[in-house]
Student: 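Supplied in structure tokens, the structure appears directly below.
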Amino acid sequence: MRIALHAAALSLLAAMTLPASAQSYTPQAALQKLFAVEGNSPYPSPYAGTLNFSALTSKYDSGHGHGYRNEVKVTDKQRLSAAQTHEHFAARVTPTLPAGAKTIVAQYHVEGLDTILKVYVQDTADKQGLDGKAGNGVFDILVRILGTDGKEVTTALGTVHSGEGFDLDIVFNAGEALVTARTASGGELKTPLTRIKGDDRQIYFKFGDYLQALDPDTGKHTIEPAKWDQYYRQNHIDSSQISFSHTIFERNGAQP
């Protein structure tokens, strides 16, 4: 029975997952109905499926973050539990970042401060990346998903340079997640189909530019914007832009 259910889940995920370039895009009005903006509006005029985010231009401080952000997030009234959530996100993501930068471009949050899925674009030292070197202008795409054992599993999904786009596809289906990235140099790579740690709280999806910063003196996370500014200056991170084109966000199943 478990094998049959797992096969059915994979079939559903495959049916929901299509390359971003093969689809049209979600209208602005539909996105604005579901998502609230943190920071500057990412919608250009006219809108044709592209959203542009810049954490360093917006300088939005949520009060408990680890760097400035410019994101959109599913509104309170539209949130569901993990078991009720059936969502698909796809876009061509183009990061324009200085060497040494690290940002989260998409994530699933549990209500509160917990996260269960994060997609990083980073040019920082990390042995789990395909490049893994700091400050050389090669940005790793890393996905971290919280498994049923409460531990984060990291999957490397390719590398890009600043100004180079990659196709990102995220499916969250009743507590199971699958993330796919397609890069020019590495082709298509996927995470394992991962069952998320059980939780009764509501979850919500966010995407944009969440530019990571550390305390420059201790190398640890800090919620102090003055420390972020110092970190960015010391690491020559003086600009940031993350563009999402051919942007798709869709939901299936019962809605709030």
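Only a predicted model underlies this, so the values are computations on that prediction, with no experimental measurement involved. We count residues from 1, following the sequence as given. All values below were derived from every heavy atom in this structure, side-chain atoms included, with hydrogens, water molecules and symmetry-related copies excluded.
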Student: Taking side chain as C-beta onward, heavy atoms only, is D140 less than 4.5 Å from D131?
Tutor: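 Yes, close enough: below the 4.5 Å cut-off.
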Student: Closest approach of L189 and G186, non-hydrogen atoms and distance?
Tutor: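 In terms of heavy atoms, the two residues are closest at CG-O, 4.4 Å.
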Student: Could you state the interatomic distance from CG (D126) to CG (L142), rounded to the nearest 0.5 Å?
Tutor: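 The CG atom of L142 is 5.5 Å from CG of D126, to the nearest 0.5 Å.
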Student: Which one of K220, H221, H66 satisfies the side chain to side chain contact (heavy atoms under 4.5 Å, CB included) criterion with L214?
Tutor: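 Result for side chain to side chain contact (heavy atoms under 4.5 Å, CB included) with L214: H221.
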Student: Please find the pair of heavy atoms, one from L130 and one from A156, that lie closest to each other, and give the distance.
Tutor: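 Answer, listing the atom of L130 first, then A156: CG-CB, 3.7 Å.
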Student: Answer yes or no: is there a donor N or O on one side and an acceptor on the other, between the side chain of Y204 and the main chain of Q78, under 3.5 Å?
Tutor: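 The answer is no, because no donor-acceptor pair under 3.5 Å joins these two groups.
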Student: Can you tell which of Y108, F172, F205 makes a ring pair (Phe, Tyr, Trp, His ring centres under 6.0 Å) with F89?
Tutor: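 The passing option is F205.
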Student: With rounding to the nearest 0.5 angstrom, report the CG to CD distance, L51 to Q28.
Tutor: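 So the CG of L51 and the CD of Q28 are separated by 7.5 Å.
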Student: Do D114 and R201 meet the salt-bridge criterion of a basic N to acidic O distance under 4.0 Å?
Tutor: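 Result for this pair is yes, salt bridge flagged.
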Student: After noting the C-alpha distance and the side-chain angles of S81 and Q84, does the key distance pass the side-chain hydrogen bond (donor to acceptor under 3.5 Å, both in side chains) rule?
Tutor: CA-CA 5 Å; S81 70; Q84 296 171 313; 3.1 Å; yes
Student: Identify the two heavy atoms, one from A99 and one from G135, that lie closest to each other, and give their separation to 0.1 Å.
Tutor: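 For A99 versus G135, the nearest heavy atoms are CB-O, 3.8 Å.
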Student: Could you report the tightest heavy-atom contact between V160 and P95, atom names first, then the distance?
Tutor: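 Taking every non-hydrogen atom into account, CG2-CG, 4.1 Å.
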Student: Can you tell me if R92 uses its side chain to pair, donor with acceptor, with the backbone of G165 under 3.5 Å?
Tutor: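 Indeed, once roles are kept as given, a pair shorter than 3.5 Å links the two residues.
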Student: Please assess L146 against T115 for the test side chain to side chain contact (heavy atoms under 4.5 Å, CB included), listing each intermediate value before the final yes or no.
Tutor: CA-CA 8 Å; L146 190 70; T115 56; over 6 Å; no
Student: For D169 and H88, run side-chain hydrogen bond (donor to acceptor under 3.5 Å, both in side chains): C-alpha distance rounded to whole Å, both residues' side-chain angles, the deciding distance at 0.1 Å, then the answer.
Tutor: CA-CA 7 Å; D169 195 293; H88 174 223; 3.0 Å; yes
Student: I'd like to know whether T96 forms a side chain to side chain contact (heavy atoms under 4.5 Å, CB included) with S243, so could you lay out the CA-CA distance, the side-chain angles of the two residues, the decisive distance to 0.1 Å, and finally the verdict.
Tutor: CA-CA 8 Å; T96 304; S243 294; 6.0 Å; no
Student: Determine whether the side chains of Q107 and E71 contain a donor N or O and an acceptor N or O closer than 3.5 Å.
Tutor: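 Q107 vs E71: donor-acceptor pair found between side chains.
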Student: Would you say L31 and Y47 make side-chain contact, with heavy atoms under 4.5 Å?
Tutor: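 In contact.
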Student: Do the charged groups of K227 and D217 touch, with an N to O distance under 4.0 Å?
Tutor: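 The answer is yes: the pair qualifies as a salt bridge.
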Student: Give the intermediate values and the outcome of side chain to side chain contact (heavy atoms under 4.5 Å, CB included) for residues Q212 and I104.
Tutor: CA-CA 7 Å; Q212 304 291 284; I104 299 176; 3.8 Å; yes
Student: For D76, check side-chain contact (heavy atoms from CB on, under 4.5 Å) against everything at least two apart and list the hits.
Tutor: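 Per chain and number, D76 pairs via side-chain contact (heavy atoms from CB on, under 4.5 Å) with R79.
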Student: What verdict does the side chain to side chain contact (heavy atoms under 4.5 Å, CB included) test give for L178 and T191, after you've listed the backbone C-alpha separation in whole Å, the side-chain angles of each residue and the deciding distance to 0.1 Å?
Tutor: CA-CA 6 Å; L178 178 67; T191 66; 3.9 Å; yes
Student: Under a 4.0 Å N-O cut-off, is there an ion pair linking D149 with K151?
Tutor: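 No salt bridge links D149 with K151.
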Student: Hey, could you give me the NE2/OG distance between H161 and S185, rounded to the nearest 0.5 Å?
Tutor: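 With rounding to 0.5 Å, NE2 (H161) is 8.0 Å from OG (S185).
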Student: Distance check, rounded to the nearest 0.5 Å: S54 atom OG versus K59 atom NZ?
Tutor: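 It is 10.5 Å, given to the nearest 0.5 Å.
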Student: Counting C-beta onward and ignoring hydrogens, is there a side-chain heavy-atom pair between Y25 and T50 closer than 4.5 Å?
Tutor: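 The answer is no; the side chains never approach within 4.5 Å.
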Student: Roughly how far apart are T103 OG1 and Y120 OH, rounded to 0.5 Å?
Tutor: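 Here the rounded value is 10.0 Å.
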Student: Is there a path of hydrophobic side-chain contacts, each under 4.5 Å between heavy atoms of I/L/V/M/F/W/Y residues, joining I203 to I170?
Tutor: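 Same cluster: I170 reaches I203 through Ile, Leu, Val, Met, Phe, Trp or Tyr contacts under 4.5 Å.
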Student: First locate atom CG of N136, then atom OG1 of T124, and finally report the distance between them rounded to the nearest 0.5 Å.
Tutor: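 The CG atom of N136 sits 10.5 Å away from the OG1 atom of T124.
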Student: Is the shortest heavy-atom distance from the side chain of V153 to the side chain of R144 under 4.5 Å?
Tutor: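 No - every pair of side-chain heavy atoms lies 4.5 Å or more apart.
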Student: Out of N40, N70, D209, which residue meets the side chain to side chain contact (heavy atoms under 4.5 Å, CB included) rule with T57?
Tutor: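 Running side chain to side chain contact (heavy atoms under 4.5 Å, CB included) over N40, N70, D209 with T57 returns exactly one hit, N40.
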Student: Would you say the side chain of S239 lies within less than 4.5 Å of the side chain of P98, judging by non-hydrogen atoms?
Tutor: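 The answer is yes, as the side chains (C-beta and beyond) meet within the 4.5 Å cut-off.
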Student: Can you see which heavy atom on L211 is nearest to which on A55, and at what distance?
Tutor: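 What the structure gives for the nearest pair is CB-CB, 3.8 Å.
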Student: Give the cluster check for L34 versus V110: same hydrophobic cluster or not, with ILVMFWY residues linked at side-chain heavy-atom distances below 4.5 Å.
Tutor: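 Yes; V110 is reachable from L34 via cluster members.
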Student: For I242 and V105, which heavy atoms make the closest approach, and how far apart are they?
Tutor: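 Scanning both residues completely, I find the closest heavy atoms to be CG2-CG1, 4.0 Å.
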Student: Can we call the ring centroids of F207 and F249 under 6.0 Å apart?
Tutor: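 Aromatic pair excluded; centres sit 6.0 Å or further apart.
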Student: Are L97 and F53 co-members of a hydrophobic cluster defined by side-chain heavy atoms under 4.5 Å apart?
Tutor: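 F53 clusters together with L97.
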Student: What I'd like to find out is whether the side chain of V119 reaches to under 4.5 Å of the side chain of L168, using heavy atoms alone.
Tutor: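 Of all side-chain heavy-atom pairs linking L168 with V119, at least one is under 4.5 Å.
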Student: Do Q202 and V74 have side-chain heavy atoms sitting under 4.5 Å apart?
Tutor: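 Of all side-chain heavy-atom pairs linking V74 with Q202, none is under 4.5 Å.
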Student: Going by the rule salt bridge (Lys or Arg N to Asp or Glu O under 4.0 Å), which residues pair with E164 if we only count those two or more places apart in sequence or in a different chain?
Tutor: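 In terms of salt bridge (Lys or Arg N to Asp or Glu O under 4.0 Å), with neighbours along the sequence ignored, E164 is linked to no residue.
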Student: Within the 4.5 Å heavy-atom criterion, are T194 and L117 side-chain neighbours or not?
Tutor: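 They are not in contact (no side-chain heavy atoms under 4.5 Å apart), so the answer is no.
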Student: Are F244 and V37 connected in the hydrophobic side-chain network, where two residues link if heavy atoms are under 4.5 Å apart?
Tutor: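 Cluster IDs for F244 and V37 match.
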